[in-house]
Amino acid sequence: MNKKYDHHVIERKWQEYWEENQFFKVIEDPEKPKYYDLEMFPYPSGNLHMGHVRNYAIGDVVARFKSMNGYNVLHPMGWDAFGLPAENAAIKNATHPSIWTNANIANMKQQLKTMGISYDWDRELATCKPDYYKFTQWMFVKLYENGLAYKKKSAVNWCPSCQTVLANEQVVDGACERCEAEVEKKQLEQWFFKITDYAQRLLDDLEQLPGWPEKVKTMQRNWIGRSEGCQFSMPIEGLNQSMTVFTTRPDTVFGVTYMVLAPEHPLVEVISQGKAEAAAVKKFAGSMKSVSELTRTANETEKEGVFTGAYALNPMNGERVPIWIANYVLMDYGTGAIMAVPAHDQRDFEFARKYDIPIRVVIKSTDSPADAAEMTEAYTGDGVMVNSGAFDGLQVEEGIAATIKHMEEHSIGVGTVNFRLRDWLISRQRYWGAPIPIVYCEKCGIVCLKEDQLPVLLPEDVEFKPSGESPLNYVESFTRTTCPDCGGEARRETDTMDTFVCSSWYFDRYCSPHEENLPFSKEAADYWMPVDQYIGGVEHAILHLMYARFFTKFLYDIDMLSCQEPFINLLTQGMVLKDSSKMSKSKGNVVSPEEIINTYGADTARLFILFASPPERDLEWSDQGVEGAYRFLNRIWRLVMEYAESIQAIQIPDSFDNLDDDARALRFKTHTTIKKVSEDIEGRFNFNTAISAIMELSNTLNAYKDKEQANLAVVKEALQSLLVLLTPFTPHICEELWHRCQKEGSICQQKWPKYDLQALIQDEIEIVVQIMGKVRDRLWVPVDISEEDLKARALELERIQEHIQGKKIAKIIVVPQKLVNIVAK
RNA sequence: GCGGAUGUGGCGGAAUUGGCAGACGCACCAGACUUAGGAUCUGGCGGGUAACACCGUGGGGGUUCGAGUCCCUUCAUCCGCACCA
């Protein structure tokens, strides 16, 4: 038998053993508490990168730890397999996206297996397979039937490079999230999911997620962007029409000195028609179209606008106010029109000053000038209403309520809540996605397929255009179909769904991945859902996590799920950095997991990554750190191998009596380590400190080796505990050493050790002695020493005597079991 | 501009409830073993000092017997949002 630590042999051996014995296969078991541990499934890009390794190493520690603690653990893995890169690769290399994708999946699965992660591979899924996307389409059908999927023409974000539209969330700083091309606005008919119907619930239920990082919840709150106010209409002079505005400050309505419409607003043309200003208005609106969203919304952009020549009537005081159009009012927020109150809104203030529009103060306070001419900026704070007729004297807050009440009573307007969140645009003009199950019938119009008519299969034999345009448009066998209602001629929708739709319900599918009639069985989901621990990158804080929450609430509403939130606890792991920046091909600082695992083994790779920093923080890659982890495993190997034979016959007694000081100290270390490692994993996910505690135990054991009267029972207990504690982190080497010690069964199926309270009891403890809060000496005393005796012992110390000589002792503070602090002046 | 996070040795990081700052690891230094060492083992390792004293958790101030930890203020870095009416 090989005496040296050979990770190649060991890791393959135990991976095969676990697989053959189906160790990680789980089924519902009502006898056991369940634990659903989930890592965000990867896009099959071709190769595992270090971010994946970190993600799955963290998840595996949790899964193995929970399993050893008696939980029935669901720990699945799958593939987020639809998406653009496959299609781009197809265009470039003339390989079909499905071939490219399947090859990548096979490769990455192989790499994943070398990591030795405790996945139940029987539950593997890929979103691009018909047996999966059939149910992605099912989701669409159900949303459609419930009025939550609809088609509308609107200005959408178009990425010219990807040749497709993007959801608002996928536009970052005016550019495409994926390819960074500048996004254009286009008027198109597109499919949307009505996520805005769930805005309030998505916001409120964040309160029920104490296990989520505050940062992520804040980001979601900002994204939902709830604001309370009111909507009211202002009649337009000379026209039988009115303009509707949204405001959060109806209390300032008497300070309105002009109105603004977004340049794209449909009323713009109507009201300026025939006016002298019409040409200028048209020119301005036209110029806005060519300005990109990016520059238009940049904070530095100066406010610009033109007068339309039209006037509106303020319904509160009958005043006639000019209507302008301006760049700073956006069509897709609120009603695309505002009432402008320059005295109390900074943007309106800047605009009014620039164009010499009157400014009227209607909120008075001690810290703002009463005269508009003296103002240097808008006053947005608290105060009382003035120049506001019957409302004068009201505080801002009561003024808001009073004006809304007045507007409602006089049918002028109504109190409303406005959200920043927009409906989710799910159409993509691409091939490699789940087809939207819709047909267009000449007679019946838009017809959504029924559940039993699914799936709408993606045709395999297609030709990819170099432009990126979807080949589906040209596949007649796909587009030409019959209407499911009337049987007449019909045309199929050629848009496919955003891949975020696929990933919004995959965690439900894992509960019953082979279910054929429904996306998942309710019984299985009732047992497993919600996910107890979700782990992944913070880059999904808004998109994926918001969409998944939306789907979960919808599925709850149609009685498919019993939970309203999919993920109880969320861990957002930090990035893996090299030379202080994210690993990327362009920077040339990529470390390949495959190479690391090949050279040092999966156990070393896992150990290094888990030890180098706590999971939420960024991790700086260090080749020397990897060496250190490898050396540690070699030390463990030698330590255990040294005792492997001699401890075999030793029995660990039920209780340890008459131990000498060294043996007691070792037992103390063993059991404090069990305690610390358990607490560090369970409560805080601080794997780095858990591992450092195990290292300390190994150091203590190494030092104990030299003792003349070594107690082998105590050593055996320590070694066994050490191996079991280390198992979630580095399972292969632990399994091997476990068997080298002639232990039965798998170490992965051992019970997590419990610490022995008896072993934690100490007779003597060290107390720190301070003078004025500064440590001057230490002293060993019996644990049960009285406060008086302890004070006396402390004062007797030579070094203390020196320091307090000639001083008066004002006070002595004793913190039991810890320290004595002498206050002397 | 708003919101959030972070700031500790040469480096990664510990210090969980206000109680020994720097656990553990890396790097480095010295020694042992050795034909050899990029293996292994032993010891050292914040600054400062002969040794103490003293100084030290981004900076300044405060509360406290005692502050990395609490409060005020300020700086730096990172992340998110940003004309949202």
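These values consider heavy atoms only, across backbone and side chains, with no hydrogens, waters or symmetry-generated copies. Since we're looking at a predicted model, the values are computed, not measured.
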Query raised in the report: Are A:Val341 and A:Met339 close enough, and set up right, to give a side-chain contact (heavy atoms from CB on, under 4.5 Å), and what steps lead you there?
Result: CA-CA 7 Å; A:Val341 185; A:Met339 63 173 212; 3.8 Å; yes

Would you indicate, yes or no, if [N] has its OP1 or OP2 atom less than 4.0 angstrom from a side-chain nitrogen or oxygen of [X]?
X        : N     : value
A:Ser227 : B:A85 : yes
A:Arg221 : B:C81 : no
A:Asn222 : B:G4  : no
A:Arg631 : B:A27 : yes
A:Arg420 : B:C81 : no

Specify the separation, in whole Å, of atom [atom1] of [X] and atom [atom2] of [N].
X        : N     : atom1 : atom2 : answer
A:Glu616 : B:A5  : CD    : P     : 14 Å
A:Phe687 : B:A23 : CZ    : C1'   : 19 Å
A:Met772 : B:G19 : CE    : C1'   : 15 Å
A:Ile338 : B:C83 : CD1   : P     : 14 Å
A:Phe349 : B:A85 : CZ    : C1'   : 17 Å
A:Met219 : B:A82 : CE    : P     : 11 Å
A:Met243 : B:A85 : CE    : C1'   : 12 Å
A:Asn327 : B:C84 : CG    : P     : 12 Å

Rounded distance in Å between the [atom1] positions of [N] and [M]:
N     : M     : atom1 : answer
B:G46 : B:G13 : C1'   : 15 Å
B:G68 : B:G56 : C1'   : 11 Å
B:U77 : B:C65 : P     : 38 Å
B:G22 : B:G37 : C1'   : 31 Å
B:G19 : B:C71 : P     : 15 Å
B:U8  : B:A15 : P     : 15 Å
B:U57 : B:G62 : P     : 15 Å
B:G59 : B:G10 : P     : 14 Å

By side-chain hydrogen bond (donor to acceptor under 3.5 Å, both in side chains), A:Arg360 pairs with (sequence neighbours left out) A:Glu319

Extract from the structure each pairing of a protein N or O with an N or O of nucleotides 54-56 of chain B at less than 3.5 Å, listing the distance.
unit_1 : atom_1 : unit_2   : atom_2 : d
B:C54  : OP1    : A:Arg776 : NH2    : 3.3
B:C54  : OP2    : A:Arg776 : NH1    : 3.1
B:C55  : OP2    : A:Lys774 : NZ     : 3.3

Problem set entry | Near-strand residues of residues 809-821 of chain A, defined as heavy-atom separation under 4.0 angstrom from RNA chain B |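 Only A:Lys811, A:Ile813, A:Val815, A:Lys818, A:Leu819, A:Asn821 qualify.
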
State whether a side-chain donor-acceptor pair under 3.5 Å links [X] with [Y].
X        : Y        : value
A:Tyr333 : A:Ser227 : yes
A:Glu350 : A:Gln346 : yes
A:Arg631 : A:Thr604 : no
A:Ser721 : A:Thr670 : no
A:Asp251 : A:Thr403 : no

Under 4.0 Å between any heavy atoms, over every strand shown, what does [X] touch: base, sugar-phosphate, or nothing? Just pick one.
X        : value
A:Gly225 : nothing
A:Glu627 : nothing
A:Val768 : base
A:Ser622 : nothing

Under-3.5 Å N/O pairs linking protein and nucleotides 7-16 of chain B:
unit_1 : atom_1 : unit_2   : atom_2 : d
B:G12  : O2'    : A:Ala612 : O      : 2.7
B:G13  : O3'    : A:Asn688 : ND2    : 3.3
B:A14  : OP1    : A:Asn688 : ND2    : 3.2
B:A14  : OP2    : A:Arg617 : NH2    : 2.9
B:A15  : OP1    : A:Arg684 : NH1    : 3.2
B:A15  : OP1    : A:Arg684 : NH2    : 2.9
B:U16  : O4     : A:Lys676 : NZ     : 2.4

> Taking only residues two or more places apart in sequence, or in another chain, which ones meet A:Lys578 in a salt bridge (Lys or Arg N to Asp or Glu O under 4.0 Å)?
Replying inline: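 A:Lys578 satisfies salt bridge (Lys or Arg N to Asp or Glu O under 4.0 Å) with no residue once adjacent residues are dropped.
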
Which of B:A85, B:G4, B:C26 is nearest the side chain of A:Val329? It is B:A85

#### Entry: Contacts of A:Tyr630 that satisfy ring-ring contact (aromatic ring centres under 6.0 Å, His included) - sequence neighbours left out
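If we apply the ring-ring contact (aromatic ring centres under 6.0 Å, His included) test to A:Tyr630, skipping adjacent residues, the hits are A:Tyr600.
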
Tested for salt bridge (Lys or Arg N to Asp or Glu O under 4.0 Å) against A:Glu302, the lone hit among A:Arg347, A:Lys354, A:Arg353 is A:Lys354

ask   = According to the ring-ring contact (aromatic ring centres under 6.0 Å, His included) rule, which pairs have a member within residues 674-702 of chain A, sequence neighbours left out?
value =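 Every pair satisfying ring-ring contact (aromatic ring centres under 6.0 Å, His included) with a residue in residues 674-702 of chain A: A:Phe685-A:Phe687.
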
Can you name the side-chain contact (heavy atoms from CB on, under 4.5 Å) partners of [X], sequence neighbours left out?
X        : result
A:Val306 : A:Val281, A:Phe284, A:Ile325
A:Asp348 : A:Tyr258, A:Tyr328, A:Ile338, A:Ala340, A:Pro342, A:Asp345
A:Lys818 : A:Val815

Around A:Glu228, counting heavy atoms of other residues, nucleotides and ligands shown, do more than 12 lie under 6.0 Å from its CD?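 Open.
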
Every protein N/O lying under 3.5 Å from an N/O of nucleotides 43-46 of chain B:
none

Exercise for the section: Name the pairing partner of B:C78, where a pair is Watson-Crick or G-U wobble with both distances under 3.5 Å, or state none. Expected result: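 Because both required distances fall under 3.5 Å, B:C78 counts as paired with B:G4.
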
Give every residue pair that meets the salt bridge (charged side-chain N to carboxylate O under 4.0 Å, His left out) criterion with at least one member in residues 683-698 of chain A, sequence neighbours excluded.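 For residues 683-698 of chain A, and leaving out neighbouring residues, the salt bridge (charged side-chain N to carboxylate O under 4.0 Å, His left out) pairs sorted by first residue read A:Lys669-A:Glu696, A:Asp680-A:Arg684.
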
